[in-house]
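Numbered from 1 within each chain, the chains take letters A, B, ... in sequence-line order.
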Amino acid sequence: MHDLKWIRENPDALDAALARRGAAAVSATVLDLDKRHRATTTELQVLQSRRNDVSKQIGGVKAKGGDAAPLMAEVAEIKDKMTALEEEEKLLGEKVKSLLLTIPNILLPVVPDGRDESANVVVRSWGTPREFNFSPKEHADLGAALGLMDFDQAAIMSGARFVVLKGALARLERAIAQLMLDTHTTANGYTEVNPPLLVRDVALTGTGQLPKFGADLFQTTAGLYLIPTAEVSLTNLVAERILDGATLPLRMTAFTPCFRSEAGAAGRDTKGMIRNHQFEKVELVSITAPEESEAELERMTKCAEGILQKLELPYRVMALCAGDVGFGANRTYDLEVWLPGQNTYREISSCSNTGDFQARRMNARYRPSGETKGTRFVHTLNGSGLAVGRTLIAVLENHQQQDGSITVPAALKPYMGGLEIIAPGAKIL
RNA sequence: GGAGGGGUGGCCGAGUGGUUGAAGGCGCACGCCUGGAAAGUGUGUAUACGUCAAAAGCGUAUCGCGGGUUCGAAUCCCGCCCCCUCCGCCA
């Protein structure tokens with residue numbers, strides 16, 4: 001959400017920023033509503049002031065046993081006028097607020113121009129895609145051949161876009177998550193959190209999924225929503241709080257299931273477990289002072305990259321272009337992992353700085369250390385560190401052998417009880 | 001799910017219709033005192049919005065949230081949220 005004052009002073013900057021995203025200008029509409037809202041507010045406040053005044057006089061007159069009738073008549077008249085104004089004021093205020101909630105964040109100047117993902121820029125890459133002396137298979141085929149990845153049975157109980165992992169693959173997924181959590185909580189300084197998976201609409205409004213993207217979410221009959229990412233739960237850990245500046249930055253990580261309706265993705269990535277309704281992810285969230293957030297984004301991205309390196313998975317870092325950066329972010333790096341079975345790079349992590357965009361929506365502030373007066377909005381960042389399901393895919397495809405077995409990367413062996421090879425033919429279920 | 005109790009400033013806590021943004025205390029800041037410190041003592045100590053070129057000042061709102069009653073609400077009424085206690089159910 002944007003600062004209204006800033007929009008008043010920089011309407012053209014807002015519209016120009018929206019144009020970079022390919023979005024329509026809104027400043028004129030905002031300013032018109034805001035102007036009418038403030039005019040109404042001022043008018044109302046004059047009446048309120050007068051009413052408070054006269055009411056005090058009535059108290060005084062009555063205390064002395066005088067006749068307050070004329071004064072009461074005056075207040076009655078004032079109140080008449082106030083009723084309509086109050087309604088108007090409230091309505092205009094709500095209109096301004098709801099419009100503000102639909103305006104995306106302003107991109108930083110470093111974000112490359114471009115309309116869609118084809119204009120994203122490769123920042124750096126790591127690792128060399130392995131040379132295969134056979135034709136590498138896709139993860140869904142590998143998993144099925146191992147007998148440990150079952151889409152059919154998942155469909156019977158849950159429908160499309162679900163998967164059942166069994167035996168060594170179920171364990172592999174857990175091992176991957178453990179490696180990530182252990183790395184982030186020790187080497188990278190993040191605090192592990194186990195947050196709620198069901199949240200209220202205010203939490204989702206705070207992080208920006210609502211009000212615009214409700215169609216992507218699963219909502220329960222009780223009105224709560226399943227989180228589409230732990231970013232929601234973790235970032236809301238600072239909602240409505242005033243933090244002590246000395247405690248910043250806060251770094252937290254959580255391993256959670258994520259739920260997405262994939263409403264707009266019919267027909268895309270229908271094979272395999274690339275795009276499921278339910279998947280697991282280790283999320284990273286940082287809360288920083290404003291001047292630290294850009295450096296923190298670099299740091300966070302490096303933390304995510306570290307996991308890919310440990311797993312010996314080639315990847316590249318993409319700077320998303322203006323048209324591809326998400327609603328709440330001012331800048332985003334995607335990590336794309338090499339998938340030999342699909343002969344392409346696929347997104348496995350997305351690290352974003354939202355600046356004070358989310359902080360304003362959830363009223364997350366801090367008091368700069370040393371200062372006793374005044375608060376400022378914090379900056380919030382989030383990144384996948386990494387998407388666990390997609391990491392599993394990458395491990396399968398990159399570490400597959402000609403016979404369909406999977407070599408367990410060294411970093412995962414301790415978490416696999418020393419298992420070195422996941423081989424076909426295990427008797428399972 | 002049933003019954004009851006409660007949500008006041010950074011914290012504790014008073015306040016059941018009238019000049020209360022809110023007593024008192026703690027904490028914090030600054031000063032006095034002291035060789036220095038403690039103790040003592042004095043002063044100050046919320047947020048948002050509006051007005052203003054800006055500051056000061058002024059105005060408005062805020063005692064969980066929203067609505068209502070009233071000339072006037074932290075105080076009365078209604079709805080919601082949250083917390084606590086007991087009962088029931090339950091991993």
Please list every stem that involves RNA chain B, where a stem is a run of 3 or more consecutive Watson-Crick or G-U wobble pairs with both pairing distances under 3.5 Å.
B:1-7 with B:81-87, B:10-12 with B:24-26, B:27-32 with B:40-45, B:46-51 with B:57-62, B:64-68 with B:76-80
Short of 4.0 Å, heavy atom to strand atom, which residues of residues 77-93 of chain A count as contacting RNA chain B?
A:Lys79, A:Lys90
Considering only atom C1', compute the distance from B:C33 to B:U43 and round it to an integer number of Å.
15 Å
Which salt bridge (Lys or Arg N to Asp or Glu O under 4.0 Å) pairs, counting each pair once, include a residue from residues 253-262 of chain A, with sequence neighbours left out?
A:Glu262-A:Arg275
C1' spacing across the pair B:A46 / B:A29, given as an integer number of angstrom:
15 Å
Taking only residues at least two apart or on different chains, which pairs with a member in residues 159-171 of chain A satisfy salt bridge (Lys or Arg N to Asp or Glu O under 4.0 Å)?
A:Asp150-A:Lys166
Identify whether any heavy atom of A:Arg200 sits under 4.0 Å from a base atom; if not, whether one sits that close to sugar-phosphate; answer base, sugar-phosphate or nothing.
sugar-phosphate
Distance check, C1' atoms only: B:G17 and B:U70, in whole angstrom units.
9 Å
A:Arg50 CZ to B:G72 P, in whole Å, measures 14 Å
What residue pairs, at least two apart or across chains, pass ring-ring contact (aromatic ring centres under 6.0 Å, His included) with a residue in residues 214-240 of chain A?
A:Phe218-A:His277
Could you tell me how far apart A:Asn363 (CG) and B:G64 (P) are, to the nearest whole angstrom?
17 Å
Hey, could you give me the CD/CD distance between A:Gln309 and A:Glu312, rounded to the nearest 0.5 Å?
11.0 Å
Say we look at B:U75 and B:G64: how far apart would their C1' atoms be, to the nearest angstrom?
16 Å
Taking only residues at least two apart or on different chains, which pairs with a member in residues 86-100 of chain A satisfy salt bridge (Lys or Arg N to Asp or Glu O under 4.0 Å)?
none
Nearest-Å distance, NE2 (A:His37) to P (B:U60)?
17 Å
Qualifying residues under salt bridge (Lys or Arg N to Asp or Glu O under 4.0 Å), relative to A:Asp34, sequence neighbours excluded:
A:Arg8, A:Arg38
Please name the residue in the list A:Ile227, A:Leu204, A:Asp216 that meets the side chain to side chain contact (heavy atoms under 4.5 Å, CB included) test with A:Gln209.
A:Leu204
Start at the 5' end of RNA chain B and walk down; is the nucleotide closest to A:Asp53 or to A:Arg365 reached first?
A:Arg365
Could you state the atom-to-atom distance from CD of A:Glu74 to P of B:G72 in whole Å?
13 Å
Could I get the full list of ring pair (Phe, Tyr, Trp, His ring centres under 6.0 Å) partners for A:Tyr315, not counting sequence neighbours?
A:Trp126
Can you tell me, in whole Å, how much space there is between the C1' of B:A73 and that of B:A61?
14 Å
What is the distance, rounded to the nearest whole Å, between atom CD of A:Glu240 and atom P of B:C83?
16 Å
Sequence-distant partners of A:Glu138, salt bridge (Lys or Arg N to Asp or Glu O under 4.0 Å), two or more places apart:
none
Suppose the criterion is salt bridge (Lys or Arg N to Asp or Glu O under 4.0 Å): which pairs have a residue in residues 228-241 of chain A, not counting sequence neighbours?
none
Between B:G1 and B:G18, how far apart are the C1' atoms? Round to whole Å, please.
44 Å
Report the residues that fulfil side-chain hydrogen bond (donor to acceptor under 3.5 Å, both in side chains) with A:Asn10, sequence neighbours left out, ordered by chain and then residue number.
none
Check every strand shown and say whether A:Ile58 touches a base, only sugar-phosphate, or nothing at a heavy-atom separation below 4.0 Å.
base
Expressed as a whole number of Å, how far does the C1' atom of B:U19 sit from that of B:G27?
30 Å
Any side-chain heavy atom of A:Leu250 sitting closer than 4.5 Å to one from A:Val238?
yes
If the P atom of B:A23 is compared with that of B:U8, how far apart are they to the nearest Å?
16 Å
Readout for nucleotides 49-59 of chain B: B = base within 4.0 Å of protein heavy atom, S = sugar-phosphate only, - = neither; 5' to 3' it is -SS-------B
